[in-house]
Amino acid sequence: MLADVRRAAATRSSTAESLAVLERGAEVPRGGTVDPRHALPVPVELEPVLGGGLRRGSVVAAAGSGSLLLSVLGAAHGAGAWAAIVGQRTTFAATAAIEFAVDLGRVALIPNPGNDWARVAAALIAGVDLLVVYPTAAVPDAMASRLQARARKAGCVLVVVGPTAGARVWPGPDLVVEAIGHRFHGLGAGRGRLRLHEIQVSVTRRRGGAQAPMWVPMPPPSLAAIAGPQPGPQPGAVPDFGLPDSWPTVRRTHGTDQRNLRPVSPRPAVEDPWAAHLVTDDAWAARRAKTA
């Protein structure tokens, strides 16, 4: 598999051009914009905070959302990029990846690279455009410098995923991208169906400082349009039991144990097919009294 990736990478005409720019010391301007000729594209919804793309040869620290990572993978694959994921020991969400326009035929998965994950990553850098690594602990400075030098030489974007938002496993990344908040629309009072998931994206640059966080829908509409209808039941095919969009939304924020719930609105004046199955508080009290 690695040999196939390297053969495909040898045909990339953009790699040599990107390498020449990087060797001349090209940097992201203070304004945060990236030359699209020497960057991997990102969803248009993320361009305002990511400056138009991810600069080849840079190191990006990411945390807080698997959807955010899939959206970056999907946009890169839309431009013909190859990618590899090293050290993700949990099950890779292949079905969700397809919904984010990820081309699974161009993703190399190495879930358990063993103790020497850095050597595996170093071998893959030369053959892919985007390398995602999941270090199990903070990366030593010397190891980080060697991998970053290889990524800069190959024109590969190195994404280092931390365990939680705010966790720093890579010393001095060029870019820190975190999902610091989540909003779910369509769920309320224990019923309904999820209609929209939004994440609040925070971006901090090593040169240029932090940018104001912004809310982005997931999957981004631009990628959902590319992915098209997927096999199997679709969200629109789930029966809608008359619950309006105005029903309450659950809001959850990373880094806290508190959930902020909007007040529950009155039950809508429509026939509720679940009414016969609902148990009132009085009924629960009566049952508890019988079993006490």
Side-chain angles (χ1 to χ4, degrees), residues 15 18-35 38-40 42 46-66 68-69 71-73 76 81 83-88 113 115-126 128-180 200-214 254-255:
T15 303
S18 302
L19 177 58
V21 174
L22 292 168
E23 287 179 342
R24 290 197 300 268
E27 294 288 350
V28 176
R30 180 164 292 275
T33 57
V34 180
D35 188 341
H38 310 294
L40 288 181
V42 295
L46 289 171
E47 288 182 355
V49 290
L50 292 179
L54 299 177
R55 180 172 57 87
R56 289 183 177 273
S58 63
V59 176
V60 180
S65 172
L68 183 59
L69 177 60
S71 68
V72 172
L73 279 172
I85 301 176
V86 177
Q88 187 187 39
N115 296 329
D116 198 0
W117 66 267
R119 180 173 297 180
V120 176
L124 288 167
I125 282 176
V128 297
D129 302 273
L130 180 67
L131 177 62
V132 183
V133 296
Y134 288 76
T136 57
V139 181
D141 291 354
M143 180 186 297
S145 297
R146 288 194 297 269
L147 289 175
Q148 189 162 2
R150 292 180 69 92
R152 187 176 293 114
K153 182 178 180 180
C156 172
V157 176
L158 180 59
V159 179
V160 184
V161 182
T164 58
R168 296 291 180 262
V169 296
W170 189 275
D174 299 292
L175 201 66
V176 178
V177 182
E178 296 175 305
I180 59 175
Q200 190 177 27
V201 182
S202 170
V203 175
T204 304
R205 298 182 182 276
R206 187 172 61 179
R207 295 179 177 87
Q211 295 179 235
M214 65 175 293
H254 277 296

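Just so you know, residue 1 is the first one in the sequence shown, and it goes up from there.
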Heavy-atom side-chain contact between Val72 and Val159 under 4.5 Å: no

Considering all heavy atoms, the nearest Val128-Ala84 contact: CG1-CB, 4.1 Å

Rounded distance [0.5 Å steps], CD in Gln200 versus CD in Glu178: 11.5 Å

Residue pair Val49 / Val203: nearest heavy atoms and the distance that separates them: O-CG1, 3.6 Å

Distance, nearest 0.5 Å, that separates CZ of Arg152 from CD of Gln148: 5.0 Å

Note, Ser58 side chain near Leu175 side chain (heavy atom, < 4.5 Å): no

CG-CD1 distance between Leu130 and Ile85, expressed to the nearest 0.5 angstrom: 8.0 Å

Minimum heavy-atom distance Pro113-Gly87, with the two atoms named: CD-CA, 3.8 Å

Rounded distance (nearest 0.5 Å) linking atom CG of Leu50 with atom CZ of Arg55: 13.0 Å

Whether over 12 other heavy atoms sit under 6.0 Å from Asn115 CG: no

Rounded distance [0.5 Å steps], CG in Leu69 versus CD in Gln88: 7.5 Å

4.5 Å side-chain heavy-atom contact, Leu46 and Ser71: yes

For Leu131 against Ala121, the heavy-atom pair lying closest together: CD2-O, 3.5 Å

Minimum-distance pair of heavy atoms, taken over all atoms of Met143 and Ala118: SD-CB, 3.5 Å

Rounded distance [0.5 Å steps], CG in Leu40 versus CG in Leu73: 10.0 Å

Considering all heavy atoms, the nearest Ala126-Ala154 contact: CA-CB, 4.2 Å

